[in-house]
Amino acid sequence: MGTTQWIQLGTAVVALLALGASLCNMARSRIKEIEDDYVARYWKILDMLPSDALVNRQPRKTSDEARRAARLYLRLCEDEMELRAMGWVGRHTWREWRSGIRAQLRQWPINGEWERITNGDLKAGTQDQFMELKKLDRNPGHDPCNRNLIVRKWRGL
């Protein structure tokens with residue numbers, strides 16, 4: 001190989017590395033955008049909760065609005081876990097979300113709706129829902145992301 005060919009090969013390698021770095025950054029940006037969207041949804045649901053929930057004080061009767069907010073929160077958690085399984089939630093974010101989800105499953109009004117779901121007190125059909133959330137409830141270290149190590153490192157998962 002002549003000098004010109006080595007220069008062309010080097011240029012091609014540098015271009016491929018730059019393309020790879022650009023693709024990694026785009027994937028990380030997309031992950032961050034998705035995570036930010038879900039954090040915004042989380043805060044919107046928290047705003048729907050009664051003030052008693054914010055100080056972990058359970059009233060005698062749970063209102064329909066509190067139940068609705070609890071169900072929306074549980075659905076949000078399941079969606080987050082599905083995104084994690086697809087590789088669209090990063091490792092560090094997942095660790096934070098996982099501990100927060102587990103804590104919320106034990107607090108009113110989330111705990112009441114979660115009990116109704118896991119005990120089968122709600123209508124038929126909920127037994128097939130919240131499968132990832134049920135796994136997390138049983139196993140504190142559960143991580144739905146099953147991507148191979150190379151893909152996880154490339155995406156920053």
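Remember, it's a predicted structure, so these values are computed and weren't measured experimentally. Note that the numbering runs from 1 along the sequence shown for the chain.
Of the residues listed (Glu132, Arg102, Lys134, Lys135), the one engaging His142 in a side-chain hydrogen bond (donor to acceptor under 3.5 Å, both in side chains) is Glu132, and it is the only one.
Residue pairs satisfying the salt bridge (Lys or Arg N to Asp or Glu O under 4.0 Å) criterion with at least one member in residues 41-56, sequence neighbours excluded, are listed as follows: Arg41-Asp79, Asp52-Arg57.
Within the 4.5 Å cutoff, no side-chain heavy atoms of Trp88 are placed close to those of Glu33. No side-chain heavy atom of Arg71 sits under 4.5 Å from any side-chain heavy atom of Arg68. Counting heavy atoms from C-beta on, the side chains of Tyr73 and Glu113 never come closer than 4.5 Å.
Here the CG atom belonging to Leu133 is positioned 6.0 Å from the SG atom belonging to Cys77, to the nearest 0.5 angstrom. The line from CG of Leu76 to OH of Tyr38 is 7.0 Å long, rounded to the nearest 0.5 Å. Distance check, rounded to the nearest 0.5 Å: CG of Asn25 to CZ of Arg30 gives 15.5 Å. The structure places CG of Asp143 at 4.0 Å from CZ of Arg84, a figure rounded to the nearest 0.5 Å. Atom-to-atom distance recorded for Glu80:CD and Trp97:CH2 is 4.5 Å, nearest 0.5 angstrom. The CD1 atom of Ile117 lies 5.0 Å from the CG atom of Leu74; values are rounded to the nearest 0.5 Å.
Asn111 is linked by a side-chain contact (heavy atoms from CB on, under 4.5 Å) to Trp108, counting only residues two or more places apart in sequence or in another chain.
Arg98 places a side-chain N or O within 3.5 Å of a backbone atom of Gly141 that can act as its donor or acceptor partner. Side-chain atoms of Thr93 do not come within 3.5 Å of backbone N or O of Val89 as any donor-acceptor pair. Distance alone, capped at 3.5 Å, is enough to place a donor-acceptor pair between the Thr118 side chain and the Trp114 backbone.
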Walk me through whether Thr11 and Trp6 qualify under side chain to side chain contact (heavy atoms under 4.5 Å, CB included). CA-CA 8 Å; Thr11 303; Trp6 280 108; over 6 Å; no
Working note: Arg67 + Arg116, criterion side chain to side chain contact (heavy atoms under 4.5 Å, CB included); need CA distance, chi angles, decisive distance, verdict. CA-CA 11 Å; Arg67 281 197 174 97; Arg116 294 176 72 202; 3.2 Å; yes
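Hydrophobic clustering (ILVMFWY, side-chain heavy atoms < 4.5 Å, transitive): Ile34 and Trp43 are in one cluster.
Smallest separation of non-hydrogen atoms from Ala53 and Pro109: CB-CD, 3.7 Å. In terms of heavy atoms, Ile31 sits closest to Gly87 at CD1-O, 3.8 Å. The two residues Ile110 and Ala70 make their nearest non-hydrogen contact at CD1-CA, 3.6 Å. Across all their heavy atoms, Ala69 and Ile45 have their closest contact at O-CG2, 3.5 Å.
For Glu78 and Arg75, the salt-bridge test fails: no basic side-chain N is under 4.0 Å from an acidic carboxylate O. Salt bridge Lys32/Glu35: absent, no basic N to carboxylate O contact under 4.0 Å.
When the shell of 6.0 Å around CD of Glu96 is examined, it contains 12 or fewer heavy atoms from other residues, nucleotides or ligands.
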